[in-house]
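The structure appears below as structure tokens.
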Number of protein chains: 2
Amino acid sequence: MFAKRTTLADVARMAGLSPTAASLILNGKPDTRFSAEAHARVHAAAAELGYRPNIGARALRTDRTLSIAFISDVVATTRFASGLIQGALEEAERAGHVVLVMETRGEPAREVEAIEAVLDRQVDGIIFGTVRARELYVPDLPEATKVVMLNATNPRHGVSVLPDEEAGGRAAVDLLAAAGHSEGIALIGQNDEAERDLFRSATVDRRIRGLRSELAQLGLTLVAEESCWDWEPHNGYDLTAELLDRRTDVRALLCMNDRLAFGAYQACTERGLTVGQDISIVSFDNDELASYLRPGLTTIGLPHVVMGREAVRLLLSNAGPGERLIPMPVVERSSIARVTPARSGTADLATRRLAELRAGTGADAADA
Amino acid sequence: MFAKRTTLADVARMAGLSPTAASLILNGKPDTRFSAEAHARVHAAAAELGYRPNIGARALRTDRTLSIAFISDVVATTRFASGLIQGALEEAERAGHVVLVMETRGEPAREVEAIEAVLDRQVDGIIFGTVRARELYVPDLPEATKVVMLNATNPRHGVSVLPDEEAGGRAAVDLLAAAGHSEGIALIGQNDEAERDLFRSATVDRRIRGLRSELAQLGLTLVAEESCWDWEPHNGYDLTAELLDRRTDVRALLCMNDRLAFGAYQACTERGLTVGQDISIVSFDNDELASYLRPGLTTIGLPHVVMGREAVRLLLSNAGPGERLIPMPVVERSSIARVTPARSGTADLATRRLAELRAGTGADAADA
DNA sequence: ACCACTTGGTAAATGCATTTACCAATGGCT
DNA sequence: AGCCATTGGTAAATGCATTTACCAAGTGGT
């Protein structure tokens, strides 16, 4: 279409002014006294020629590229990573920034390479993301580099964005208790005894803490805790099948994630139990899966998109260090049965606490 | 850690040579007669100082940024988009390039903005991707811009990468026929009569063409074709439930995607039919879902990752125009029942044709 | 002794936008 | 008339790497 990009010099020439004038005017610098005439001529010329500044050239002087890097261990495996990226993309767009995405597959060598590659391109900041929230190793960086940890923490880089798992854990329990469950609640995927020295992830620890403390607050106990390392559907199936065959008093399942819940559904169905009627299930993540199940799975969602947005916002606003906890939306579908409570006081209390959690955090609107 | 990046001038100074010498030597220019001494000193200095060229500055003269853009309608909704991105990232990494990811949400205005944003940053090329393969509108571009269409086509930009849906459609039919099915095969999700004037997507059309032509080749016919616009689990459930209640001779379901198949599983199970025994199901996509189901779903996979890789390879190799068809892997799990064939000749033929498809394309290894 | 190469380099221009330092002309004031 | 401020600009330096044009010293041949 057109042979070469127009440069600032072209605009200046057409406007009959110096490049200095053109630059100053187009960038709207204050305290620079050019005539209204000059302003008009420069803007007209720029529009006429379709002038767009060469960002690389500009960066040479300003050290700002309007580009940020998103370095993640994994981008495609789960919808979680994509959600983080999507949120980051949205917010970056709003701020006129562009996002350079890198995948490290968790390999430290690859991480070093990724960092160098983006530093070579003078990015304005780096977001380090992980799928399994954890303390992430980050190599030395020039100290001026702005960094935000997304779903991760790092002692040297204090700004991090995490889901509010503690509140999420509480909400899951409240959901069950508010529906009248006070007995026969089992945990699928975790057992403190068995996993004493096992580090899963920083956020899962908080999820469990919230969950247990809420059980304690409400005076409830678990009838079983089934532990497994991987949280895949077949694990959920095996654990649930075994549990249901072993005892008959199970009325509600707290699953550590939706994939486990998916397996649990299958085990229940096979045993003639209808989820949402004969047995309740609540879990975490709000995977795509959760909406496919019948009845729909009630779950505490991971607010990926909001987290991604928030990370970019923090990065570009030079926020001070600290953890930003993003509320987890409670997504109610139909997997929780309403039962007549053994102790209705508990159910009422749970209902109140749940309402507080939701109001306090605006959790429902959080991941639109 | 360190105050400022080292520049080429720093390296030159430390080596006691001119920046010219340093540049020429570090870039390994041929026919430039510097002493072995000089080479050694420059390399030593560069290593000592940890010199890395400023890519933006370099681009000013070379017009190459070692960056490419990936502009897609959607990035997070499906694993499909993430797979494309992952493949692109992998191949770009190998080539020392970095990927700038943009999402347009299918809005033309946003697409124009995205293109301008990446052009402002002098990318070496652009990949336009879509989730629903279709002819994609692309605004005018400077004619030197290199473009590859990924899962999309465009009359002005001839290079495109698509899944080989025609072969995929054939394979699905062969799979069923080879297992002995020759009667009672139903199609879930599509009906030519009902959808005569409906454009779904370029690739789905090919999928159906392959499927029908293979049925014809083998002398098979369908007992039913159930149409619906969305291919979500609940559609699969409704269609299958209604079909099974209507007729009792259905033995195999060809589902247009895995989500439909997921719904179909539920309908079958509810009716006491065990998938992989009483009824066979085969579908398309190889969603995460497919491996979660019990029994595992046999499906013709979408080779996202390979497609993403291929797109970058084509972009960077200045390939001539044309469609690159990427083989779809046939992923055999356990949803197809082996039945004694009514006509064993047909089953043998299907087996041979399937083997040819797989051998000819290397489809199995295609999406590792 | 002189010319023609070869060897081993360097100075300076270039790409593009930003920014600092400076300048000419005009008007106002005393 | 002389001086200062203001108005409305511009020239040139800058950031960094690449690249073209050029040069000085040495070598070999005659």
Side-chain angles (χ1 to χ4, degrees), chain A residues 3-43 45-46 49-67 119-124 142 144, chain B residues 3-43 45-46 49-67 119-124 142 144:
Chain A
K4 248 179 106 199
R5 265 179 95 90
T6 59
T7 80
L8 185 63
D10 297 330
V11 174
R13 197 170 316 119
M14 180 172 222
L17 289 167
S18 67
T20 308
S23 173
L24 261 21
I25 289 174
L26 288 176
N27 289 310
K29 290 283 186 222
D31 301 332
T32 166
R33 321 150 302 223
F34 289 99
S35 59
E37 212 354 71
H39 274 86
R41 285 215 310 276
V42 167
H43 281 117
L49 298 172
Y51 171 69
R52 308 208 103 227
N54 176 325
I55 298 205
R58 166 188 289 169
L60 224 39
R61 283 205 61 87
T62 61
D63 277 326
R64 302 195 63 226
T65 50
L66 300 179
S67 313
L119 253 26
D120 291 350
R121 287 163 180 83
Q122 313 256 99
V123 293
D124 296 342
Chain B
K4 246 177 108 203
R5 264 178 96 89
T6 58
T7 80
L8 185 64
D10 298 330
V11 173
R13 196 171 316 119
M14 180 174 225
L17 289 167
S18 67
T20 308
S23 173
L24 262 20
I25 289 174
L26 288 176
N27 289 309
K29 290 282 186 224
D31 302 330
T32 166
R33 322 149 303 221
F34 289 98
S35 58
E37 220 341 80
H39 275 86
R41 285 216 309 276
V42 167
H43 280 116
L49 297 171
Y51 170 70
R52 308 208 102 226
N54 176 325
I55 297 205
R58 167 188 289 168
L60 224 38
R61 284 205 61 85
T62 61
D63 278 325
R64 303 196 60 226
T65 50
L66 299 179
S67 313
L119 252 24
D120 290 349
R121 287 161 180 85
Q122 312 256 100
V123 293
D124 296 343

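Computed from heavy atoms alone, side chains included, the values below leave out hydrogens, waters and symmetry copies. Numbered from 1 within each chain, the chains take letters A, B, ... in sequence-line order. On a predicted model such as this, the values are computed, not experimentally measured, just so you know.
Residues A:S67 and B:R121 meet the side-chain proximity criterion, which asks for heavy atoms closer than 4.5 Å. Between A:I25 and A:R41 the shortest side-chain heavy-atom distance does not fall below 4.5 Å.
Of the residues in residues 26-41 of chain B, those with a non-hydrogen atom less than 4.0 angstrom from any atom of DNA chain D are B:N27, B:K29. Residues from residues 53-61 of chain A lying near DNA chain C, meaning a heavy-atom separation below 4.0 Å, are A:P53, A:N54, A:A57, A:R58, A:R61 in numerical order.
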Stepwise side-chain contact (heavy atoms from CB on, under 4.5 Å) test for A:R58 and A:N27: CA-CA 12 Å; A:R58 166 188 289 169; A:N27 289 310; 3.9 Å; yes

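To the nearest 0.5 Å, atoms CD1 (B:I55) and CD (B:Q122) are separated by 13.0 Å. The CG atom of A:L24 sits 4.0 Å away from atom OG1 of A:T32, with the distance rounded to the nearest 0.5 Å. Rounding to the nearest 0.5 Å gives a distance of 4.5 Å between CG of A:L49 and CE of A:M14. Within the model, atoms NE2 of B:H39 and CG of B:L17 stand 10.5 Å from one another, a figure rounded to the nearest 0.5 Å.
Scanning all heavy atoms of the two residues, the minimum distance from A:V11 to A:V42 falls at CG1-O, 3.9 Å. Taking both residues in full, the closest heavy atoms of A:P19 and A:L8 are given as O-CD2, 3.8 Å, listed atom of the first, atom of the second, then distance. B:A57 and A:L60 make their closest contact through CB-CD1, 3.6 Å (heavy atoms, listed as atom of the first residue, atom of the second, distance).
Applying the side chain to side chain donor-acceptor pair (under 3.5 Å) test to A:T65 and every residue at least two apart in sequence or in another chain returns A:D124. For B:R52, the salt bridge (charged side-chain N to carboxylate O under 4.0 Å, His left out) partners two or more places apart in sequence, or in a different chain, are A:E116, A:D120.
Among the atoms of the strands shown, base atoms are found under 4.0 Å from some heavy atom of B:S23.
Extent of DNA chain D lying under 4.0 Å from chain B heavy atoms, first and last nucleotide in 5' to 3' order, is D:dC16 to D:dT20.
End-to-end axis angle of the helix from C:dA1-D:dT30 to C:dT30-D:dA1, using five pairs per end and rounding to 10°, comes to 70°.
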